[in-house]
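Since the structure comes first, as structure tokens, the remarks are kept for the end.
Just so it is clear, the structure is predicted and the values come from calculations on it, not from any experiment.
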Amino acid sequence: MPADRPLRIVLAEDSVLLREGLIALLNRFRHEVVAAVGDADALLAAVAEHEPDVVVTDVRMPPGFQDEGLHAAVRLREERPGLPVVVLSQYVQRAYAAELLDSGDGTGVGYLLKDRVGQVEQFVDALREVAAGGTVVDPEVVRQLLRRRRDPLARLTPREREVLALIAEGKSNGAIARTLVVSEAAVGKHIGSILTKLDLPPADDVHRRVLAVLAYLRG
């Protein structure tokens with residue numbers, strides 16, 4: 001997908017105020033909201049009708065306001081493994097992030113807190129990254145996970161954990177290098193070491209990075 005091509009988006013959000021605000025925000029960046037709906041069933045129907053470039057959905061939707069939006073997103077990705085989906089959550093829920101990343105083929109997926117919408121350019125960049133097949137996990141989710149003890153990641157050095165946290169945020173090797181003030185070659189070596197230490201199966205580099213993020217979230 002060309003980097004400057006406007007995205008066609010299906011939006012699912014039960015709050016009319018937030019839904020209209022998101023439509024206005026996305027239109028400002030020349031993206032097109034082809035359907036804006038307020039419940040999970042309407043989301044499924046809208047995706048079937050419009051075949052969007054990316055789906056943006058709240059976790060909690062009518063009628064139960066539990067995790068209907070998340071389940072709809074997972075179902076969509078099971079039916080369309082390559083469909084990019086961004087799920088918005090009010091609070092950090094590690095289980096939600098892991099379930100979403102498990103869906104489809106693990107690529108083209110984002111889990112963001114609703115507060116992130118207020119950081120407009122970062123939010124729009126995250127949508128573009130997910131639409132291009134990337135994986136983006138909210139930095140606050142990453143920070144909370146860093147405070148937990150994660151046995152599967154015990155073999156990683158502190159620097160390797162920093163690199164893995166930045167991978168989970170959807171950053172490229174170049175962006176990681178700039179953040180840590182190291183060379184891209186050094187980042188590549190750290191990533192190679194991470195993938196080896198996590199005993200990830202042979203796969204293409206993109207898929208192995210996703211598997212590393214899953215290991216990180218489950219740790």
Side-chain angles (χ1 to χ4, degrees), residues 1-38 42-43 46-47 50-61 69-70 72-74 76-77 80 82-93 96-97 100-101 103-144 165-179 206 209-210 213 217:
M1 176 187 300
D4 58 349
R5 184 172 75 78
L7 298 173
R8 298 176 65 259
I9 300 166
V10 165
L11 171 65
E13 167 59 55
D14 64 281
S15 166
V16 175
L17 185 61
L18 180 55
R19 188 166 70 231
E20 293 302 316
L22 282 168
I23 292 171
L25 184 157
L26 293 167
N27 286 342
R28 206 175 98 202
F29 284 82
R30 298 190 306 112
H31 300 306
E32 179 187 5
V33 177
V34 295
V37 299
L43 168 59
V47 170
H50 295 283
E51 297 291 341
D53 296 317
V54 61
V55 170
V56 178
T57 180
D58 190 4
V59 167
R60 298 185 176 187
M61 302 281 283
L70 174 71
V74 170
L76 285 168
R77 285 176 56 77
R80 300 169 172 79
L83 177 67
V85 171
V86 174
V87 168
L88 303 178
S89 180
Q90 190 70 43
Y91 308 103
V92 174
Q93 289 284 354
Y96 288 168
L100 184 65
L101 286 165
S103 64
D105 61 3
T107 62
V109 63
Y111 178 79
L112 300 175
L113 296 184
K114 285 190 173 180
D115 288 348
R116 198 65 49 197
V117 176
Q119 299 176 22
V120 175
E121 291 190 0
Q122 290 183 26
F123 173 65
V124 174
D125 286 346
L127 287 188
R128 175 68 71 183
E129 175 72 18
V130 170
T135 302
V136 179
V137 180
D138 195 281
E140 182 58 30
V141 177
V142 173
R143 279 193 288 272
Q144 292 202 21
L166 293 169
I167 291 173
E169 292 180 19
K171 294 188 183 300
S172 66
N173 286 15
I176 294 171
R178 290 190 294 275
T179 300
V206 173
R209 286 169 75 104
V210 172
V213 172
L217 288 168

Could you measure the distance from the [atom1] atom of [X] to the [atom2] atom of [Y]? Nearest 0.5 Å is fine.
X	Y	atom1	atom2	value
L22	E20	CG	CD	9.5 Å
L70	L88	CG	CG	11.5 Å
K171	T135	NZ	OG1	14.5 Å
R128	H31	CZ	NE2	5.0 Å
Q119	L113	CD	CG	10.0 Å
L43	L76	CG	CG	5.5 Å

For the residue pair [X] and [Y], what are the closest heavy atoms and their distance?
X	Y	result
P52	V47	CD-O, 3.9 Å
V10	H50	CG2-CB, 4.4 Å
V117	L25	O-CD1, 4.0 Å
D53	P6	OD2-O, 4.0 Å
P84	R77	CA-NH1, 4.5 Å

(message) Determine whether V87 and L112 satisfy the following criterion, side chain to side chain contact (heavy atoms under 4.5 Å, CB included), listing intermediate values before the conclusion.
(response) CA-CA 6 Å; V87 168; L112 300 175; over 6 Å; no
(request) Kindly indicate, with the supporting measurements, whether the criterion side chain to side chain contact (heavy atoms under 4.5 Å, CB included) is fulfilled by L127 and L26. (result) CA-CA 10 Å; L127 287 188; L26 293 167; 3.4 Å; yes
(message) Check whether R19 reaches the backbone of E13 with its side chain - one donor and one acceptor, N or O, closer than 3.5 Å.
(response) yes
(message) Donor-acceptor pair, distance only, cut-off 3.5 Å: does the side chain of E32 make one with the backbone of V34?
(response) no
(message) Go through it in stages, so that I can follow the logic: the residues are L11 and I23, the test is side chain to side chain contact (heavy atoms under 4.5 Å, CB included), and I'd like the CA-CA distance, side-chain angles, deciding distance and then a yes or no.
(response) CA-CA 8 Å; L11 171 65; I23 292 171; 3.9 Å; yes
(request) Check the pair V56, I9 against side chain to side chain contact (heavy atoms under 4.5 Å, CB included), reporting the backbone distance first and the verdict last. (result) CA-CA 7 Å; V56 178; I9 300 166; 4.0 Å; yes
Is [X] salt-bridged to [Y], cutoff N-O under 4.0 Å?
X	Y	answer
E51	R8	no
K114	D58	yes
R60	D14	no

(request) Taking the side chain as every heavy atom from C-beta outward, state whether V55 and V86 have any pair of such atoms under 4.5 Å apart. (result) no
